[in-house]
Amino acid sequence: MIQKAVVKKILDETHAEIEVQRQSACGHDCSKCGGCGTPTERIKATAVNSVQAQVGEIVTVEGSSKQILGMAAIVYSIPLILFFVFYGICAAFGFAEGFSIIAGIAGFVIGILLAIRHNQQVKSSGKFVFTIVKKG
């Protein structure tokens with residue numbers, strides 16, 4: 001995935017903090033679909049500064065599509081899988097349907113918390129970084 005970003009801070013000789021506009025699957029081409037009303041969100045990320053970009057410069061960054069899709073799969077699938085697992089276990093043991101639903105919801109919440117924790121671990125470990133490929 002290639003997109004534009006702004007260099008916000010130089011972290012060290014080879015890394016910079018960038019601010020990039022979060023992209024969605026729709027691409028925000030509202031003139032074609034009538035618009036979704038979703039505000040554009042900016043996120044900060046770490047980037048390998050291979051072109052010695054300076055603070056305030058607009059740069060082109062590249063991120064691994066494989067990593068992005070992997071993170072999306074984790075964030076969206078784990079809560080759903082845990083919902084059905086918790087619900088199924090309770091139903092298999094003969095618990096009332098209401099209790100099974102509550103257990104499923106608990107599994108869903110646990111899945112969301114696990115996804116958030118995984119996201120924080122990836123951010124802090126630096127495993128997911130962008131690479132600044134060119135200035136401008």
Side-chain angles (χ1 to χ4, degrees):
M1 171 186 287
I2 297 175
Q3 57 193 113
K4 295 287 187 183
V6 177
V7 177
K8 289 297 189 180
K9 186 190 315 181
I10 302 299
L11 301 175
D12 59 38
E13 291 180 11
T14 58
H15 294 86
E17 182 180 279
I18 58 168
E19 186 176 76
V20 62
Q21 183 173 333
R22 185 175 186 168
Q23 294 186 349
S24 68
C26 71
H28 293 287
D29 193 3
C30 299
S31 62
K32 291 185 179 178
C33 72
C36 61
T38 305
T40 55
E41 181 182 348
R42 295 193 144 315
I43 57 172
K44 290 186 179 180
T46 301
V48 175
N49 190 2
S50 58
V51 297
Q52 303 305 312
Q54 299 300 314
V55 174
E57 289 185 320
I58 297 174
V59 294
T60 302
V61 295
E62 184 174 24
S64 170
S65 295
K66 182 178 177 181
Q67 284 182 321
I68 292 168
L69 292 175
M71 286 293 291
I74 289 171
V75 167
Y76 290 111
S77 65
I78 299 255
L80 286 175
I81 290 169
L82 287 180
F83 172 84
F84 289 114
V85 167
F86 279 48
Y87 178 88
I89 289 171
C90 288
F93 282 107
F95 288 103
E97 186 175 353
F99 184 81
S100 297
I101 290 171
I102 291 170
I105 292 170
F108 187 81
V109 170
I110 290 169
I112 290 173
L113 295 174
L114 288 173
I116 290 170
R117 183 168 182 213
H118 177 73
N119 184 40
Q120 290 171 340
Q121 287 176 339
V122 169
K123 278 184 178 179
S124 66
S125 71
K127 289 180 185 175
F128 183 79
V129 293
F130 290 95
T131 302
I132 300 173
V133 292
K134 69 178 181 177
K135 295 180 185 183

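Since we're looking at a predicted model, the values are computed, not measured.
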Close side-chain approach of V6 and E57, heavy atoms under 4.5 Å: no
Looking at every non-hydrogen atom in both residues, tell me the closest pair between V20 and Q3 and how far apart they are. CG2-NE2, 2.9 Å
How would you list, by chain and number, every residue that makes a side chain to side chain contact (heavy atoms under 4.5 Å, CB included) with F95, sequence neighbours excluded? C90, F93, F99, S100
Measuring from atom CD1 of I18 to atom CZ of F130, what distance do you get when rounded to the nearest 0.5 angstrom? 5.5 Å
Using the rule that two of Ile, Leu, Val, Met, Phe, Trp, Tyr join whenever any of their side-chain heavy atoms come within less than 4.5 Å, decide whether F83 and Y76 are in one cluster. no
F86, I89: one ILVMFWY side-chain cluster at the under-4.5 Å cut-off? yes
CD1/I102 to CD/E97 distance, rounded to the nearest 0.5 angstrom? 11.0 Å
Partner residues of E13 under the side chain to side chain contact (heavy atoms under 4.5 Å, CB included) criterion, sequence neighbours left out: none
Nearest 0.5 angstrom please: S50 OG to K134 NZ, how far? 12.5 Å
Looking at residues at least two apart in the chain, or sitting in another chain, which of them share a side-chain hydrogen bond (donor to acceptor under 3.5 Å, both in side chains) with T60? K4
Side chains of residues 107-116: which donor-acceptor pairs under 3.5 Å do they make with residues two or more places apart or in other chains?
none

What is the minimum heavy-atom distance between V59 and K135, and which atoms define it? CG1-CA, 4.2 Å
Pair T14-N49, side chain to side chain contact (heavy atoms under 4.5 Å, CB included): steps then yes or no: CA-CA 5 Å; T14 58; N49 190 2; 5.9 Å; no
K8: salt bridge (Lys or Arg N to Asp or Glu O under 4.0 Å) partners, not counting sequence neighbours: E19
For atom CG of L80, decide whether the heavy atoms of other residues, nucleotides or ligands shown that lie under 6.0 angstrom number more than 12. yes
Between V133 and E62, the two heavy atoms sitting closest are CG1-OE1, 3.7 Å
What are the two closest non-hydrogen atoms of I10 and D12, and how far apart are they? CG2-O, 3.4 Å
Which pair of non-hydrogen atoms, one from V7 and one from Q54, has the smallest distance, and what is that distance? CB-O, 3.4 Å
Please determine whether residues V55 and V61 belong to a single hydrophobic cluster, defined as Ile, Leu, Val, Met, Phe, Trp and Tyr linked transitively by side-chain heavy-atom distances below 4.5 Å. yes
Residues clustered with L11, ILVMFWY side-chain links under 4.5 angstrom: none
Does S77 have any side-chain hydrogen bond (donor to acceptor under 3.5 Å, both in side chains) partners at least two apart in sequence or in another chain, and if so, which? none
